[in-house]
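Notes follow once the structure below has been shown.
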Amino acid sequence: MKIIDAGVIITAPGRNYVTLKITTEDGVVGWGDATLNGRELAVATYLRDHVCPLLIGRDAHRIEDIWQYLYKGSYWRRGPVQMTAIAAVDIALWDIKGKVAGLPVYQLLGGAARDGVMVYGHASGSSVAEMLDDVAAHLDEGYLAVRAQSAIPGMDKVYGVPPKDGRLYEPASSNVPQEETWETGPYLRFVPTMLGAVRERFGFDVHLLHDVHHRLSPLEAGRLGRDLEEHRMFWIEDPTPAEDQSAFQLIRQHTTTPIAVGEIFNSIWDCQQLITERLIDYVRTSVSHAGGITHLRRIFALADLYGVRTGSHGAGDLSPVSFAAALHVDLSVPNFGIQEYMGHRDPAGEVFRTGYKFENGYMHPGDAPGLGVEVDEQAAAKFPYDPKYLPINRRRDGSMHDW
Ligand code: GCO
Ligand code: MG
């Protein structure tokens with residue numbers, strides 16, 4: 001079944017998304033997500049100029065071969081741009097295979113290994129009281145797991161906390177990077193109290209998560225983990241910048257608080273040591289940034305051997321196409337842990353027609369053939385590209401810090 005067309009759609013219904021459309025000779029269309037927040041056009045160009053021309057005439061069914069062809073064939077391997085581009089192709093090809101087979105993608109991956117996929121939502125607030133009310137609102141909606149982030153006294157802006165309404169936190173918000181100030185001391189002193197307040201009000205039944213967003217040293221992370229042990233966290237996420245995998249040995253020596261890492265990883269090599277030395281508990285690689293369904297399953301299979309569970313990134317800057325793909329993988333792998341669900345704000349729903357459902361804290365991708373998401377190209381054309389950057393962090397002395 002030959003590929004006869006491959007093209008890139010850039011649209012900003014609420015935020016920027018890059019989508020790959022692959023068409024086969026019999027008119028089957030597959031969709032892939034190629035969105036790399038703040039660097040969207042780099043992936044769009046990589047696809048348009050270097051990948052799409054190579055797809056024409058290839059057999060859409062040969063997913064593994066096309067993956068290897070694009071990965072090994074470029075010579076310059078890995079990195080977020082290449083791996084997001086390959087992911088988009090891979091996701092679109094799985095969509096096509098499902099549509100041709102008349103089956104939802106999870107059936108092609110071995111079928112459902114569970115009835116639903118537990119997701120966690122984002123609760124936040126400009127004070128602890130406001131954050132607690134947002135946790136309550138999530139529990140009312142049926143969430144079983146909630147990530148809690150709150151403003152920190154003495155710090156102007158904090159990751160994960162929106163300027164106003166708790167539900168609309170948007171990381172990429174400015175046409176030049178917004179500058180934030182980071183101070184480790186106030187953060188480390190405040191967070192145990194903040195998360196303790198959640199336990200005090202809601203008890204221990206709710207799964208509680210927190211994102212450190214790469215900001216601590218290994219020793220500071222160890223101390224935070226130890227201070228949080230009494231709160232029985234589901235996980236703390238990205239405690240340190242994770243390109244230094246051996247740093248996690250130090251964290252592990254100091255705490256039993258579970259650790260989740262991997263949203264910025266793009267290949268199995270980024271987490272090989274973390275997994276094989278059992279330095280983490282959850283691997284957060286995403287389907288759209290880590291080489292698509294084909295490569296994500298390889299990472300998850302390695303993780304399974306070492307008792308590491310999955311906890312894929314699911315922020316709003318990953319499009320509904322990759323969110324659906326994530327749900328298909330989550331439903332089928334044996335070592336699923338949890339899936340992040342931030343949702344997509346309107347008018348994304350005008351462009352992406354989704355079939356996935358949320359019920360009682362669990363999600364299901366639906367049973368439509370393929371991924372179950374269709375893209376309305378006419379609607380997409382109404383929302384032109386809108387350049388945005390992620391913020392940066394500086395310490396009080398002006399030096400750059402991890403954001
Ligand atoms: C998360 C992430 C996001 C990232 C965002 C960057 O855990 O959901 O940390 O909020 O900051 O995806 O584009
Ligand atoms: Mg994160």
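These figures come from a predicted structure and were not determined experimentally. All ligand and atom numbering here is 1-based and tracks the order in the structure.
By the 30° and 60° cut-offs, the orientation of the rings of Trp182 relative to His401 is parallel.
In this structure, Arg147 is part of the shell of residues with a heavy atom less than 4.0 angstrom from ligand 1.
Looking at Met342 against ligand 1, nothing comes within 4.0 Å, counting heavy atoms.
Taking the Mg ion (ligand 2) as the apex, the angle formed with OE1 of Glu263 and OE2 of Glu237 is 90°, to the nearest 10 degrees.
Contact check on Arg189 versus Glu183 returns no salt bridge, with no Lys/Arg side-chain nitrogen under 4.0 Å from an Asp/Glu carboxylate oxygen.
When the Mg ion (ligand 2) is compared with the N/O/S atoms of Asp211, atom OD2 turns out nearest.
Listed by number with element, the atoms of ligand 1 under 4.0 angstrom from any heavy atom of Leu390 are 6 (C), 13 (O). Contact atoms of ligand 1 toward Asn37: 6 (C), 13 (O) (distance under 4.0 Å to a heavy atom of the residue).
When Arg284, His213, His289, Lys388 are ranked by how near their heavy atoms come to atom 11 (O) of ligand 1, first place goes to His213.
The environment of Asp156 atom CG is sparse: at most 12 non-hydrogen atoms of other residues, nucleotides or ligands sit within 6.0 angstrom.
Checked by distance only, ligand 1 and Tyr120 stay at 3.5 Å or farther apart across all their nitrogen or oxygen atoms. Polar contact with ligand 1: absent for Trp403 (N/O pair, distance under 3.5 Å).
Although no hydrogens or angles enter the test, the distance criterion places a donor-acceptor pair under 3.5 Å between the side chain of Gln245 and the main chain of Gln273. Using a distance-only test at 3.5 Å, with no hydrogens or angles considered, a donor-acceptor pair links the side chain of Asp270 to the main chain of Ser267. Looking only at distances, a side-chain donor or acceptor of Asn335 sits under 3.5 Å from a matching main-chain atom of Phe300.
With 3.5 Å as the limit, one finds no donor-acceptor pair spanning the side chains of Ser286 and Glu263.
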